[in-house]
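Naming: A, B, ... by sequence-line order, numbering from 1 per chain.
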There are 4 protein chains.
Amino acid sequence: MPIMRTKDENKKEALFRATIKLVNEIGFASSSVSKIAKEANVSPSTLYVFFDNKEDLLVSTYVEIKTQLAHALLENFDDTLPIRDIIRNGWYSVFNYVSEHPDEAAYMEQFSNSPYSELVDKAVVEREFVPFGNVMVKGIEQKIIKDVDISILAAFIFNPLFRLANPRLCAELEMNEEKLEQAFGMAWDAIKL
Amino acid sequence: MPIMRTKDENKKEALFRATIKLVNEIGFASSSVSKIAKEANVSPSTLYVFFDNKEDLLVSTYVEIKTQLAHALLENFDDTLPIRDIIRNGWYSVFNYVSEHPDEAAYMEQFSNSPYSELVDKAVVEREFVPFGNVMVKGIEQKIIKDVDISILAAFIFNPLFRLANPRLCAELEMNEEKLEQAFGMAWDAIKL
Amino acid sequence: MPIMRTKDENKKEALFRATIKLVNEIGFASSSVSKIAKEANVSPSTLYVFFDNKEDLLVSTYVEIKTQLAHALLENFDDTLPIRDIIRNGWYSVFNYVSEHPDEAAYMEQFSNSPYSELVDKAVVEREFVPFGNVMVKGIEQKIIKDVDISILAAFIFNPLFRLANPRLCAELEMNEEKLEQAFGMAWDAIKL
Amino acid sequence: MPIMRTKDENKKEALFRATIKLVNEIGFASSSVSKIAKEANVSPSTLYVFFDNKEDLLVSTYVEIKTQLAHALLENFDDTLPIRDIIRNGWYSVFNYVSEHPDEAAYMEQFSNSPYSELVDKAVVEREFVPFGNVMVKGIEQKIIKDVDISILAAFIFNPLFRLANPRLCAELEMNEEKLEQAFGMAWDAIKL
DNA sequence: GATGAATGAGTGTTCATTCAT
DNA sequence: CATGAATGAACACTCATTCAT
């Protein structure tokens with residue numbers, strides 16, 4: 001019975017992955033600590049070396065994903081482009097992230113619609129999205145975008161996107177390049193003046 | 001003609017209400033059968049008189065809400081109006097339902113983003129929304145609405161709406177008559193040709 | 001697999017007995033709920049039908065014993081006898097109880113010296129011993145007993161007794177009729193004026 | 001000549017203190033090795049440098065206290081005094097020790113009433129109290145003290161004392177110089193011929 | 001000598017469900 | 001129809017202890 005003393009971070013990441021996978025497959029209710037640990041090839045007690053408790057694991061997993069998403073969004077963020085292009089870039093970045101990480105996206109949706117979401121320090125999460133919000137403010141000032149609350153704008157840009165990219169909600173819908181451009185067009189029509 | 005409910009139906013309804021309340025407050029994971037039964041002032045074993053098991057209770061609760069929502073949507077459905085007005089009426093009906101039944105709406109969101117949603121017989125649920133779908137088809141034929149998949153259209157009409165009406169997701173946002181009309185305008189801009 | 005639906009009280013008593021036995025044999029620290037349940041031939045979950053939690057079980061067991069002891073003490077309590085005889089009767093009653101129920105006595109000692117003892121509603125327990133306390137008050141008034149706090153008197157009457165009757169503390173000591181009378185004589189010498 | 005303690009001995013003592021404190025506050029059952037180590041500002045694994053296991057720690061702590069108590073008892077032991085005075089000195093020495101070290105005393109009581117006590121090498125512990133026992137033997141020979149087993153004598157001298165000095169058992173009782181002298185008087189009355 | 005990482009075994013407790021009544 | 005008693009299985013979590021460093 002060899003005792004591996006590998007570096008921690010591998011285990012922590014394995015736990016994130018296991019959490020995402022299991023919560024998507026069987027939901028929060030059935031994703032027990034022991035199942036998650038087994039999926040991550042770790043002893044249940046080892047989980048408590050990295051997280052305070054189950055709640056902490058779930059919330060940390062969410063914050064981890066949200067941060068990744070923010071990075072994806074800002075990766076090709078170019079302030080000098082026309083506003084429509086900035087938003088279009090962001091929209092596609094998010095779509096790509098969600099398409100390439102459907103499990104992470106599904107976890108995010110399930111989490112943010114559950115009471116667990118109230119445990120997240122929202123300031124920390126939202127901070128990452130500020131630059132993108134600023135663009136919308138600028139768009140409003142330049143009379144390019146409708147003068148409504150930022151959260152209403154965001155609801156029209158990102159919410160349909162999440163739904164369309166979510167195979168659980170839109171199993172039958174196969175997105176392709178053309179439909180994608182149509183969808184962004186609709187999002188833009190919704191918010192443009 | 002007042003409907004005389006038998007004792008049973010009162011209990012069944014009490015169980016629906018208890019389920020909705022508890023799942024919203026503490027989530028699926030913590031909403032145990034015994035807690036739900038206690039909240040409904042019923043013995044846990046009585047629950048099994050009305051439902052096969054916990055899963056059946058959760059799914060039935062969802063279907064019940066979805067059906068109520070469909071009724072609300074179709075209540076003032078008038079085929080003879082212009083297409084924009086039909087959709088506007090539907091949009092407002094849904095918004096009103098969600099505003100007046102925030103718990104039901106939150107349950108719906110939480111349920112439909114969870115793996116439980118795969119247990120629902122979708123045909124049954126979607127049947128109720130067919131008339132509304134037909135209106136959109138007609139709108140496409142009449143070149144009033146963009147020619148894209150119905151589910152994409154629905155995503156732009158209803159998804160932002162649910163988010164805006166959901167206090168968990170938009171706690172800080174106070175919707176009023178003006179913002180509401182703006183929001184519908186945006187939804188319409190998104191789908192109209 | 002026959003399902004016995006015997007009357008509850010049997011199980012509750014079996015749990016009391018199992019608790020006393022195990023706590024004496026292996027101590028509070030090792031007396032787990034599952035071990036106690038197994039000793040009582042009951043499922044661990046059944047234990048929670050009768051007691052709120054482990055603490056409640058331990059405290060209830062103590063109160064049960066204390067109540068039995070009080071009954072033993074008062075059984076042949078005769079107010080009309082001379083004060084020395086009343087106290088002597090009580091002293092022998094307690095000694096007999098402790099000799100015949102060494103496990104209960106040992107549990108009592110272990111419990112009352114542990115932090116669990118702070119969870120007991122002392123008013124309830126002490127109420128039962130009031131008549132005996134009154135005799136001592138009368139003895140003080142009649143100048144038969146030293147005028148000191150009742151708890152000091154009680155410490156001299158009952159504490160040595162418990163120690164002498166406790167096989168854990170006095171394993172080597174075999175009490176017989178003569179030593180017993182000597183011991184009571186010492187207790188009486190301590191408190192008499 | 002100040003005693004230079006090596007680093008180790010400080011840690012060992014810190015572990016003794018932590019054990020006593022925690023066992024008094026939360027009992028044996030809840031005093032885990034890790035809690036004790038944390039209280040002593042030491043790693044749990046360090047504990048195993050000084051003690052074989054948890055049991056060894058608990059027993060060693062008891063023996064340590066018992067030895068301190070014996071030292072206190074013998075500190076002003078003067079063989080040349082009259083027997084009553086020797087015993088009185090011892091009685092007061094013990095009372096003082098218990099008053100000044102209530103935690104140690106409470107630990108001792110809790111320990112000696114638990115099954116752990118069976119793990120102690122009694123010969124080692126009792127050896128320290130031999131001189132005091134000899135005094136009682138001499139008292140018996142000189143017809144000053146009742147001719148009964150030493151352990152019965154000890155039970156009347158020390159048991160009430162421990163109870164009276166134990167705040168857990170006698171919370172309400174405030175001992176003062178007068179009550180103290182009364183209490184010793186009673187102990188003496190119990191054993192004197 | 002001292003410790004942080006790790007874990008199998010076990011903790012107290014709650015679970016969904018059954019069954020006799 | 002409705003329920004109280006009962007439980008095996010599972011829960012989240014902590015335990016005493018080990019071992020490489």
Visitor: Applying side-chain contact (heavy atoms from CB on, under 4.5 Å), run through A/I36 and A/V33 and close with a yes or a no.
Guide: CA-CA 5 Å; A/I36 292 173; A/V33 166; 5.8 Å; no

Visitor: Want to settle it: does B/S30 or A/V42 sit nearer the 5' end of DNA chain E, counting the closest nucleotide to each?
Guide: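 Closer to the 5' end of DNA chain E: A/V42.
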
Visitor: How many Å lie between NZ on C/K54 and P on E/dT11, as a whole number?
Guide: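 Value for this atom pair: 9 Å.
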
Visitor: Can you classify the ring geometry of A/F111 versus A/Y116 as parallel (below 30°), tilted (30 to 60°) or perpendicular (above 60°)?
Guide: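 Parallel.
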
Visitor: Go nucleotide by nucleotide along DNA chain F from the 5' end; which of C/V49 and D/V33 gets its closest nucleotide reached first?
Guide: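 Between the two, 5'-proximity favours C/V49.
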
Visitor: Has the side chain of C/S34 got a donor or acceptor atom sitting under 3.5 Å from an opposite partner on the base of E/dG12?
Guide: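 When only heavy-atom distances are counted, C/S34 does not reach the base of E/dG12 through any donor-acceptor pair under 3.5 Å.
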
Visitor: Measure from CG on A/N53 to P on F/dC11 and round the result to the nearest Å.
Guide: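 Taking atom P of F/dC11 as the reference, CG of A/N53 is at 17 Å.
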
Visitor: Nearest whole Å is fine: how far is E/dG12 P from C/F28 CZ?
Guide: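 For the pair C/F28 CZ and E/dG12 P, the rounded distance is 13 Å.
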
Visitor: One thing to verify: whether C/R17 and C/E13 come together as a salt bridge, which I'm taking to mean a side-chain N less than 4.0 angstrom from a carboxylate O.
Guide: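 Yes, this pair counts.
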
Visitor: Which label fits D/F51 and D/F16: parallel for a plane angle under 30°, tilted from 30 to 60°, or perpendicular past 60°?
Guide: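 Perpendicular, since the angle between the ring planes exceeds 60°.
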
Visitor: So, is D/S32 close to the F/dC15 phosphate, meaning a side-chain N or O under 4.0 Å from OP1 or OP2?
Guide: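 Checking D/S32 against F/dC15: at least one side-chain N or O falls below 4.0 Å of OP1 or OP2.
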
Visitor: Under a 3.5 Å cut-off for both distances, is E/dA20 Watson-Crick or wobble paired, and to whom?
Guide: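 Paired with F/dT3.
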
Visitor: In this structure, how many angstroms lie between the P atom of E/dT7 and the NZ atom of A/K11, rounded?
Guide: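 Those two atoms, NZ and P, are 4 Å apart.
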
Visitor: Would you compute the distance between atom NZ of A/K54 and atom OH of A/Y48 and round it to the nearest 0.5 angstrom?
Guide: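 Here the interatomic distance stands at 8.5 Å.
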
Visitor: Rounded to whole angstrom units, what separation is found between the CZ atom of A/F51 and the P atom of F/dA12?
Guide: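 Going from A/F51 (CZ) to F/dA12 (P), I get 15 Å.
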
Visitor: Using heavy atoms to find the nearest nucleotide of DNA chain F for B/S43 and D/D52 separately, return the residue whose nucleotide is more 5′.
Guide: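 Mapping each residue to its closest nucleotide by heavy atoms, the 5'-most match is B/S43.
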
Visitor: Within less than 4.0 Å of OP1 or OP2 of F/dC15, is there a side-chain N or O belonging to D/K35?
Guide: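 Indeed, a polar side-chain atom of D/K35 lies that close.
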
Visitor: Both A/L47 and D/L47 contact DNA chain E. Which one's nearest nucleotide lies toward the 5' end?
Guide: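 Taking each residue's closest nucleotide, the earlier one in sequence belongs to D/L47.
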
Visitor: Counting just side-chain N and O atoms, does D/T46 come under 4.0 Å of either OP1 or OP2 of E/dG1?
Guide: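 For E/dG1, neither OP1 nor OP2 has a side-chain N or O of D/T46 closer than 4.0 Å.
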
Visitor: A/L22 has an atom CG; how far is it from atom P of F/dA12, in whole Å?
Guide: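 Those two atoms, CG and P, are 11 Å apart.
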
Visitor: Send over the distance from B/Y48 OH to E/dT17 P, rounded to a whole Å.
Guide: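 After rounding, the gap between these two atoms is 4 Å.
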
Visitor: Whole Å only: how far is the CG atom of C/D56 from the P atom of E/dG12?
Guide: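 Roughly 14 Å, once rounded to whole Å.
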
Visitor: Ignoring hydrogens and angles, answer whether the base of E/dG4 and the side-chain atoms of D/S45 contain a donor-acceptor pair closer than 3.5 Å.
Guide: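 Side chain to base: pair found, below 3.5 Å.
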
